[in-house]
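Quick notes on the structure that follows.
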Amino acid sequence: MNSALEQFVNVPGTQLWFKDVGQGVPLLLVHGFPLDHTMWSAQIDALPSRCRLIAPDLRGFGRSPLGADDDVLTMERLADDLAMLLDALEIGGPVVLCGLSMGGYVALQFVRQYASRLHGLILCDTRAAADSPEAAAARLAMADRVLREGNAPLVEAMLPRMLSGGTARNHPRVLEALRRVMMGTSPRTVAAAQRGMARRPDMTAALARISCPTLVVVGAEDASSPPAEMRAMADAIAGARYVEIPEAGHLAPLENPAAVNAAILGFLDGIASRSNTTQPREE
Ligand code: MLT
């Protein structure tokens with residue numbers, strides 16, 4: 001049985017909480033907004049015999065406090081935090097990075113800054129494009145509103161778009177757990193992340209420069225990062241594998257974990273066999 005390590009590491013201005021469980025190739029799981037590592041529970045439960053899962057709460061989310069100066073959480077800053085987490089864990093070799101939605105925005109910044117640390121990339125229910133000016137303005141307005149009124153307006157606007165119709169209807173406990181996590185994130189963190197996402201760069205042109213093996217995963221009913229957009233993202237990355245997850249919306253790993261876990265394992269096996277053929281093991 002794998003026992004999980006749960007602890008904090010220091011990053012500039014604050015600390016990051018993370019869970020570390022399992023053995024094998026490190027798989028760094030980066031959650032979406034305004035969530036925390038618990039959205040990966042089904043992967044953390046099922047995959048530790050096949051890989052080493054490292055699931056942080058990004059700064060300000062879950063158990064990781066927001067830094068005193070963190071009024072804008074840029075995707076670049078969050079990517080730097082991940083690199084520091086790997087340093088603290090003394091993981092010098094390459095990892096597989098898996099990010100969902102905002103976690104995917106962070107993953108794309110990690111690719112930009114730390115490509116040599118990557119063995120593989122998994123982009124789940126995310127987007128490469130920047131916000132339109134209207135979407136960015138709406139985020140900034142929501143940031144101000146949440147600071148005045150709390151998270152309820154954000155949660156009411158986001159929640160109906162997060163799950164597939166089937167998950168929302170048939171799994172009310174999933175919906176309620178999600179609402180609790182979203183409501184539990186501090187309004188300061190929500191505002192800072194909204195400001196950071198509003199100014200994230202457009203990464204569409206950079207997709208063609210991604211050179212590590214890449215898996216693109218999307219819920220078939222994702223209304224926020226729709227399958228057509230994610231398929232185009234996969235088409236822009238040389239050799240990327242594209243998997244559409246049935247009976248899932250924007251949170252595919254949580255809504256249909258069996259299908260997502262199978263896609264992840266198939267991808268990890270593909271990377272392993274590629275490494276075995278390109279790098280003969282020393283006896
Ligand atoms: C997420 O799930 O992380 C959000 O949908 C990201 C966003 O607001 O763009």
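Atoms within a ligand are numbered from 1 in the order they appear, just like the ligands themselves.
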The atoms of ligand 1 lying under 4.0 Å from a heavy atom of Ser101, numbered in the order shown, are 1 (C), 2 (O), 3 (O), 4 (C), 5 (O), 6 (C)
* Asked: Would you call His119 and Ile271 a side-chain contact if the rule is heavy atoms closer than 4.5 Å?
  -> yes
At under 4.0 Å between heavy atoms, what of Met197 touches ligand 1? The answer is side chain
(message) Are the side chains of Met203 and Tyr105 in contact, using a 4.5 Å heavy-atom criterion?
(response) no
NZ/NE/NH1/NH2 to OD/OE distance under 4.0 Å, Arg179 and Glu176: yes
closest protein heavy atom to atom 3 (O) of ligand 1 is Phe33 N, 2.7 Å
Ligand 1 contacted by Arg139 (non-hydrogen, < 4.0 Å): yes
Atoms of ligand 1 under 4.0 Å from any heavy atom of Gly32, numbered from 1 in the order shown, are 3 (O)
Q: State, with a plain yes or no, whether a side-chain heavy atom of Leu123 is found less than 4.5 Å away from one of Met233.
A: yes
_Between ligand 1 and Gln194, is the shortest N or O to N or O distance under 3.5 Å?_
no
Closest to atom 5 (O) of ligand 1 by heavy-atom distance, out of Arg200, His31, His250, is His250
* Output yes when a side-chain donor or acceptor of Thr189 lies under 3.5 Å from a complementary backbone atom of Thr185, and no otherwise. => no
Here the atoms of ligand 1 under 4.0 Å from any heavy atom belonging to Tyr105 are 6 (C), 7 (C), 9 (O)
Check your understanding: Between Glu6 and Arg63, does at least one N-O distance fall below 4.0 Å, as a salt bridge requires?
Key -> yes
task = Would you check whether Met102 has a nitrogen or oxygen atom less than 3.5 angstrom from a nitrogen or oxygen atom of ligand 1?
result = yes
Evaluate the ring planes of Phe61 and His31, with Trp represented by its six-membered ring, and classify them as parallel (under 30°), tilted (30 to 60°) or perpendicular (over 60°).
perpendicular
